[in-house]
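First comes the structure, then the notes that go with it.
Quick caveat: nothing in here was measured; it's all calculated off a predicted structure. Remember, it's 1-based here, ligands and their atoms both numbered in the order they're listed. Numbers here simply count residues along the sequence, with the first being 1.
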Amino acid sequence: MRIRVGHLYPDYLNIYADRGNIAVLAQRAAWRGHELAVKPVSVGDELQPGEHDLLYVGGGQDREQALVAVDLAAKADAVAQAVSAGAAMLAVCGGYQLLGRFYRDREGRELPGVGILPLHTIAGTRRMIGDVLLQCEWAGRTLAGFENHAGRTILDDGAEPLGRVVSGFGNDGSSGYEGCRAGRVVGTYLHGPLLPRNPWLADWVLAQALAHATGGEPADLTPLADELEHEAYEVAAQRARDRGGRF
Ligand code: GLN
């Protein structure tokens, strides 16, 4: 199967190796006989709803977010149509913040968001940095990654977090939750990149994208050995545990 990916703003939003998530998805798809066709969609480019099975956006500093926010907000309808038609989406940190209603950065500028996730973000003075460990009850799994953000993300009542913080700051350093999930859309602060050390989430994202590509339901992908991936996870998870404390 050919999985069509729209990589939003790869030239602006790509820190802490976030583009590595695309490489992982491409390799894990190939190991199952699928092909990932990645199209960059940046400032001034058109986004056609229905053109992609998966949309991906990485993280970035306030400056880069300010350079793309207006363009992304102008694509809000296309993004909303794409995900309501079943396209999957993965957004990391700065990209995650711009999926909410707005991000007020450290200079007080209110950057518009696309509003497909029920949340908003306000930058604080202290950055929240370090290794993170999450418990994802919805999947019966854990996630390990790295966070570095000034933004405090506030989920609306009833919004679904990606996971409960076992170690780290998470969305805002006080709620005890990290990320947000709405159907096939996942937003998270976890860099690293995230997917090489969390292969189950990579496969979950691939399965959602494949479901869109085939018009069917998400199906389990053939299991892989993932020895190196599990080792990488263990190292990251142990660093997070050693860091200790939720805040
Ligand atoms: N600029 C945003 C913040 O500081 C996002 C940072 C990031 O993507 N790592 O919160």
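Looking at ligand 1, you won't find any N or O of G59 less than 3.5 Å from one of its N or O atoms. Checked against a 3.5 angstrom limit, the closest N/O atoms of H149 and ligand 1 fall outside it. The distance criterion of under 3.5 Å between nitrogen or oxygen atoms is met by Q97 with respect to ligand 1. Annotation: R127 places an N or O atom under 3.5 Å from an N or O atom of ligand 1; distance criterion only. At under 3.5 Å, a nitrogen or oxygen of H191, whether backbone or side chain, sits near a nitrogen or oxygen of ligand 1. Residue G94 has at least one N or O atom closer than 3.5 Å to an N or O atom of ligand 1. At a 3.5 angstrom cut-off on N or O pairs, V92 does not count as close to ligand 1.
Interface of I15 with ligand 1, defined as ligand atoms under 4.0 Å from a residue heavy atom, comprises 7 (C), 8 (O), 9 (N). Contact atoms of ligand 1 toward N148: 6 (C), 7 (C), 9 (N) (distance under 4.0 Å to a heavy atom of the residue). With ligand atoms numbered from 1 in the order given, ligand 1 contributes 3 (C), 4 (O), 10 (O) to contacts under 4.0 Å with heavy atoms of A150. Less than 4.0 angstrom separates some heavy atom of G151 from each of these atoms of ligand 1: 3 (C), 10 (O). Residue-ligand proximity, Q61 to ligand 1, at heavy-atom distances under 4.0 Å covers atoms 1 (N). Against a heavy-atom cut-off of under 4.0 Å, G60 is close to the following atoms of ligand 1: 1 (N), 2 (C), 5 (C), 6 (C), 7 (C), 8 (O). Which parts of ligand 1 touch C93 is read off a 4.0 Å heavy-atom cut-off, strictly below it: atoms 5 (C), 6 (C), 7 (C), 8 (O), 9 (N).
Put simply, the side chain of L98 reaches to within 4.5 Å of the side chain of V68, judged on heavy atoms. Put simply, the side chain of L195 reaches to within 4.5 Å of the side chain of L90, judged on heavy atoms.
Judged by the shortest distance from any of its heavy atoms, Y96 lies outside the 4.0 Å radius around the atoms of ligand 1.
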Check: After noting the C-alpha distance and the side-chain angles of T121 and Y96, does the key distance pass the side chain to side chain donor-acceptor pair (under 3.5 Å) rule?
Finding: CA-CA 10 Å; T121 304; Y96 161 46; over 6 Å; no
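Under a 3.5 Å cut-off, the side chain of Y189 and the backbone N or O of V132 do not form any donor-acceptor pair. In this structure, the side chain of W200 engages the main chain of T142 through a donor-acceptor pair within 3.5 Å.
For H120 and F102, the ring centers are positioned less than 6.0 Å apart.
For CG of D77, the number of neighbouring non-hydrogen atoms (other residues, nucleotides, ligands) closer than 6.0 Å is 12 at most. By the 6.0 Å contact criterion, OH on Y177 is open, its count of non-hydrogen atoms from other residues, nucleotides or ligands being 12 or less.
Ion pairing between a basic and an acidic side chain is recognised when a charged N comes within 4.0 Å of a carboxylate O; E147 and R243 show such pairing. Look at R184 and D53 and you find no salt bridge, because none of the NZ, NE, NH1 or NH2 atoms lies under 4.0 Å from a carboxylate O.
Contact annotation for Y103 and ligand 1: only side-chain heavy atoms (C-beta onward) come within less than 4.0 Å of the ligand.
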